[in-house]
Novice: 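I have a structure here, written as structure tokens, and I will follow up with some questions on it.
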2 protein chains.
Amino acid sequence: MHNHNHHNDALYKDIAARLMAAGQRFTTNRRTIVDALCGGDRPLSIPEILKATSLAQSSLYRNLTVLEAAGVVTRVITTDEWGRFELSEELTGHHHHLVCSQCGAVTDVTIPDDVETDLDVALAKLATRAGFELSHHRLDLVGLCSSCQ
Amino acid sequence: MHNHNHHNDALYKDIAARLMAAGQRFTTNRRTIVDALCGGDRPLSIPEILKATSLAQSSLYRNLTVLEAAGVVTRVITTDEWGRFELSEELTGHHHHLVCSQCGAVTDVTIPDDVETDLDVALAKLATRAGFELSHHRLDLVGLCSSCQ
DNA sequence: ATGAGTGCAAAGGCTTTGCATTAGG
DNA sequence: CCTAATGCAAAGCCTTTGCACTCAT
């Protein structure tokens, strides 16, 4: 899904632009976080990012807040109590998650375009009827991952 | 969605059965929590439940854990940091949520049966292909509620 | 009587904040 | 130079736990 190599200039430019638009710099630490999130095909928890990067806790928290506000990073919901983070869908493309209800592991997946389209149409109608200004949807598959079955 | 009156015997019986199956009693406090969650058509946060019930914090937390384990209550994820709780879908029926990305408010909605069915079929295929044992799905509409637009 | 449930207060753990220092423009 | 960013440590806040008491069986 978002398996870029570590010198993806297009991605970096996009991120830098988003940060600048938010009045923020693309600092070394922020680049480090982005690289860590690019590394796998799944969202990472804060302990995982800390282990992978050796950033100061406070810097990680502060930068995740900035990156989230700038639309670079998204917080992912699981079944356990751990917040997990991934690059925003605007950078990596729309996708969904397989969430293991036992171990909390999360994996990225995409669903067929036609289903996605039908869903979008239905949700748009629904939102309009409810007086809700729809921005996007979240669709997660909850169950047991192969290791937990 | 789950706007039962406060003496819905069928619901109480169902809940009592689920609790008994989990080796738990249907105590006064648990009934109080269930009543609070029945009250509205939206999930409630812990502060909201506390305000509505005047339970001891520790009792609320402990009982929510029990009720969740017994399949009576479900934890709902929003965009803000607040955990919210509602009666389980097995009691109230399958539904989805309108989540306001600004104020965090959550409202229940249902989508048309045919869309839901198509979605189920697609997700089942997807899960199988990924070696994932699908239990259920979560679909949330994220955007701005009428008050925040 | 006996184990579950309750409430208060203390402990725990993740997250945020204060402040002095460092780095980037 | 000057402001944003960083790192360490302290403070905060939600959640969990310990313990004695109460309730229901």
Side-chain angles (χ1 to χ4, degrees), chain A residues 12-13 15-37 43-70 72-86 104 106, chain B residues 12-13 15-37 43-70 72-86 104 106:
Chain A
Y12 278 178
K13 251 184 193 154
I15 293 174
R18 285 169 193 276
L19 282 168
M20 190 176 327
Q24 299 285 351
R25 301 177 192 162
F26 195 11
T27 64
T28 309
N29 278 356
R30 289 170 193 168
R31 202 171 301 246
T32 303
I33 295 173
V34 167
D35 287 344
L37 296 181
L44 299 181
S45 67
I46 282 171
E48 285 173 335
I49 303 174
L50 283 175
K51 214 171 302 169
T53 60
S54 70
L55 286 167
Q57 262 198 352
S58 55
S59 295
L60 178 55
Y61 279 103
R62 277 194 273 239
N63 282 318
L64 282 176
T65 303
V66 169
L67 291 169
E68 197 176 4
V72 174
V73 157
T74 306
R75 182 185 303 259
V76 174
I77 275 70
T78 66
T79 55
D80 59 16
E81 287 308 279
W82 296 89
R84 283 158 211 259
F85 297 83
E86 66 181 3
V106 182
Chain B
Y12 278 176
K13 252 186 192 154
I15 293 173
R18 284 168 193 277
L19 282 168
M20 190 175 328
Q24 298 286 349
R25 303 177 191 161
F26 195 9
T27 64
T28 310
N29 277 358
R30 289 171 192 167
R31 202 171 300 247
T32 302
I33 295 172
V34 167
D35 287 342
L37 295 182
L44 298 180
S45 67
I46 282 171
E48 285 173 335
I49 303 175
L50 283 174
K51 215 172 302 169
T53 61
S54 70
L55 286 168
Q57 263 198 351
S58 55
S59 296
L60 178 54
Y61 279 103
R62 277 195 273 238
N63 282 317
L64 283 175
T65 303
V66 170
L67 291 169
E68 197 176 4
V72 175
V73 156
T74 306
R75 183 185 304 257
V76 173
I77 276 70
T78 66
T79 55
D80 58 17
E81 286 309 276
W82 295 88
R84 283 159 211 259
F85 296 83
E86 66 180 5
V106 182

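Chain A is the first sequence line, chain B the second, and so forth, proteins listed ahead of strands; every chain is numbered from 1. Every value quoted in this text rests on a predicted model; they were computed, and no experiment measured them.
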Novice: Can you check whether B:Val106 reaches B:Arg84 side chain to side chain, under 4.5 Å on heavy atoms?
Specialist: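 Of all side-chain heavy-atom pairs linking B:Arg84 with B:Val106, at least one is under 4.5 Å.
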Novice: Do you know the tightest heavy-atom contact between B:Glu86 and B:Pro43?
Specialist: OE1-CG, 3.6 Å
Novice: Within this structure, what is the CG-to-C1' distance between A:Leu50 and D:dC8, rounded to whole angstrom?
Specialist: 14 Å
Novice: Using a 4.5 Å cut-off on heavy atoms from C-beta on, say whether the side chain of A:Trp82 contacts that of A:Ile46.
Specialist: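 Of all side-chain heavy-atom pairs linking A:Trp82 with A:Ile46, none is under 4.5 Å.
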Novice: Side-chain contact test, heavy atoms from C-beta onward, threshold under 4.5 Å: evaluate it for B:Ile49 versus B:Leu37 and give yes or no.
Specialist: yes
Novice: Looking only at heavy atoms, which two atoms of A:Leu44 and A:Ala36 are closest? And how far apart?
Specialist: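 Closest pair (atom of A:Leu44, atom of A:Ala36, distance): CD1-O, 3.4 Å.
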Novice: So for the helix from C:dA1-D:dT25 to C:dG25-D:dC1, with five pairs setting each end axis, what is the inter-axis angle to 10°?
Specialist: 30°
Novice: Could you list the residues that satisfy side-chain contact (heavy atoms from CB on, under 4.5 Å) with A:Leu55, not counting sequence neighbours?
Specialist: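 Only A:Asn29, A:Ile33, A:Thr53, A:Leu60 meet the side-chain contact (heavy atoms from CB on, under 4.5 Å) criterion with A:Leu55.
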Novice: Is there a side-chain contact between A:Val73 and A:Asn63 (heavy atoms, below 4.5 Å)?
Specialist: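 A:Val73 does not reach A:Asn63 side chain to side chain.
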Novice: Listing request: all salt bridge (charged side-chain N to carboxylate O under 4.0 Å, His left out) pairs with a residue in residues 56-66 of chain B, at least two apart in sequence or in separate chains.
Specialist: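 Of all non-adjacent pairs touching residues 56-66 of chain B, none passes salt bridge (charged side-chain N to carboxylate O under 4.0 Å, His left out).
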Novice: Would you mind writing out the side-chain donor-acceptor pairs for residues 16-26 of chain B within the sub-3.5 Å range, not counting sequence neighbours?
Specialist:
{"residue": "B:Arg18", "atom": "NE", "partner": "B:Asp14", "partner atom": "OD1", "Å": "3.0"}
{"residue": "B:Arg18", "atom": "NH1", "partner": "B:Glu90", "partner atom": "OE1", "Å": "2.7"}
{"residue": "B:Gln24", "atom": "OE1", "partner": "B:Arg30", "partner atom": "NH1", "Å": "3.4"}

Novice: Give me the residues of residues 21-31 of chain B where at least one heavy atom lies under 4.0 Å from an atom of DNA chain C, by number, or none.
Specialist: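 Residues of residues 21-31 of chain B under 4.0 Å from DNA chain C: B:Gln24, B:Arg25, B:Thr27, B:Asn29, B:Arg30.
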Novice: Just how far, in rounded Å, is P of C:dG25 from CE of A:Met20?
Specialist: 10 Å
Novice: To the nearest angstrom, how far is B:Leu19 atom CG from C:dA4 atom P?
Specialist: 15 Å
Novice: What verdict does the side chain to side chain contact (heavy atoms under 4.5 Å, CB included) test give for B:Asp35 and B:Tyr12, after you've listed the backbone C-alpha separation in whole Å, the side-chain angles of each residue and the deciding distance to 0.1 Å?
Specialist: CA-CA 10 Å; B:Asp35 287 342; B:Tyr12 278 176; 2.5 Å; yes
Novice: Starting at atom CG of B:Leu55, determine the distance to atom P of C:dG7, rounded to an integer number of angstrom.
Specialist: 6 Å
Novice: Summarise protein proximity over nucleotides 12-18 of chain C in one line of letters, 5' to 3': B for base, S for sugar-phosphate only, - for none, counting protein heavy atoms closer than 4.0 Å.
Specialist: --SBBBB
